[in-house]
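These notes are about the structure you will find just below.
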Amino acid sequence: MSSSFYVGQREFFPGVGRIPFEGRDSDNPLAYKVYDADKQIGGRSMAEHLRFAVAYWHSFCGAGHDPFGPGTRVYPWDQGATPLARAEAKADAAFEFVTKLGVPYYCFHDVDLAPDADDIGEYRANLGHMVEIAGERQRQTGVKLLWGTANLFSHPRYMNGAATNPDFAVVARAAVQVRAALDATVALGGSNYVFWGGREGYACLLNTDMKREQAHLARFLAAARDYGRSIGFTGTFLIEPKPMEPMHHQYDFDSATVVGFLRAHGLDRDFKLNIEANHATLSGHTFAHDLQVASDAGLLGSIDANRGNPQNGWDTDQFPTDLYDAVGAMLVVLRQGGFGDGGLNFDAKVRRESSDPQDLFIAHIGGMDTFARGLEVAHALVTASPLEQWRSERYASFDSGAGAAFANGQLTLQDLCAHAQQAGEPRQRSGRQEAYENLLNQYLLR
Ligand code: XUL
Ligand code: CO
């Protein structure tokens, strides 16, 4: 395997070269078995379909800390003398990693990329400096920004919320970060801008005016939208639903809640949804369900791919390996004609016990192969299997005659009763769930 290429002063992942595609018979952990970037599937390459992105925070910032102990990984890019020196080295490590992996996009929060500071001038200067460096690395490597965002949940000032904080001073301070993160996203040519409302919710309903807080959230989002458009951001704003954690209840609970919220506040022309697998499951849905709800509303913008742990109830952010989930997700994406400007960001972290630098590559390779296979199977199911025909035949009674008249809003309740009277007891029709499930397995095994 070829090695030794890097973007800055030094190589951070020595011994790992560009990850090759070696196919299914390879046992090399550092090779793709399914993801073949240029392979054509239905007129588009796998790379064009999947639009993978690496998450800066999990891959280069988080070192494995949990509520019971500190990080387990010692990062060579985290050894510099000053916060800015460490941020510069981290950027070099990130672009080396993303380039070696062969992924086209990355995503960041403002304070992943640059050191945070309470002083607004210092915070902005830090971010401005790092945006210049990231821009240079983007030009050098061809890696692009899928989305930027502001971290409005870690700093203690946001403990009662950011845009929904009961104290206006905090709402205004949150705007400083959103403005700077929007500036950064535009400067780096980002396709999307994300809002994940980690602290936008409540811990206790007794002290909370939910209606007022949600109205403030809508005002804040509209102001951010207006600012973004004024500085030339033509991409999509994305809301990332999550029902809870860190708060007891978060306002962007799930897809259905966010779709309703965006429509109620007239934000649905500029905002779409970024659906995260583990957030969907935390809200009691499947990943595919929340994707389908967003897609049916015409508002599925992007995906944060990961998986939870069915035995516990928090956001474990594991790398996706479940082929059924990937097929389910890619069915929704293919049926809506693709991601558009969105993509598939691995909002996932290696386990605390995974302490080798290579584990980060292996985790991404597994996630990419999982979704590549999901794409292949979903594409075969919608183009070559009887799936679409079976599904449309289930609804055939609405395609013509009285069924079509009803669907078009032309029949009254009395008309329906007259129809029932004439037609007699409806014939039983099997839902054939097992046949659908077997069909999926059959194509998965091919
Ligand atoms: C947290 C989460 C975030 C967002 C971006 O659960 O998913 O990383 O994706 O703020
Ligand atoms: Co996420």
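In this text the structure is predicted, and so the values were computed from the model without any measurement. Whatever order the structure lists ligands and atoms in, that order sets their numbers, starting from 1.
Classification of R373 and E376 as a salt-bridged pair holds, one side-chain N sitting under 4.0 Å from a carboxylate O. Between R335 and E388, at least one side-chain N (NZ, or NE/NH1/NH2) sits under 4.0 Å from a carboxylate O, which counts as a salt bridge. Note on D359 versus R73: no salt bridge recorded, every NZ/NE/NH1/NH2 to OD/OE distance being 4.0 Å or above. Using a cutoff of 4.0 Å between basic side-chain nitrogens and carboxylate oxygens, D270 and R225 are scored as salt-bridged. Comment: K90 does not engage D112 in a salt bridge, judged by the lack of any side-chain N to carboxylate O separation of less than 4.0 angstrom.
When atom types are taken as modelled, the side chain of D110 and the backbone of A181 share no donor-acceptor pair closer than 3.5 angstrom. Using modelled atom types, no side-chain atom of S302 and backbone atom of G342 make a donor-acceptor pair closer than 3.5 Å.
With waters neither drawn nor counted, the protein N/O/S atoms under 2.8 Å from the Co ion (ligand 2) amount to 4.
Using cut-offs of 30° and 60° for the angle between ring planes, the F13 and W77 rings count as tilted. The aromatic rings of F52 and Y35 sit perpendicular, their planes meeting at an angle over 60°, well past the 30° parallel limit.
Distances shorter than 4.0 angstrom occur between a heavy atom of D304 and an atom of ligand 1.
In terms of protein heavy atoms, atom 3 (C) of ligand 1 is closest to D347 OD2, 3.6 Å.
Contacts of E245 with ligand 1, taken as heavy-atom pairs under 4.0 Å, are absent altogether. By the criterion of a heavy-atom distance under 4.0 Å, the side chain of D315, and not its backbone, is placed next to ligand 1.
Considering backbone and side-chain atoms together, T149 places no N or O closer than 3.5 Å to any N or O of ligand 1. The shortest N or O to N or O distance between K242 and ligand 1 is below 3.5 Å. Considering both main-chain and side-chain atoms, W196 never comes within under 3.5 Å of ligand 1 through any nitrogen or oxygen pair.
When the options H279, H109, K349 are ranked by their closest heavy atom to atom 6 (O) of ligand 1, first place goes to H279.
Under the side chain to side chain contact (heavy atoms under 4.5 Å, CB included) criterion, D226 pairs with no residue, sequence neighbours left out.
For ligand 1, the atoms closer than 4.0 angstrom to any heavy atom of W57 are 8 (O).
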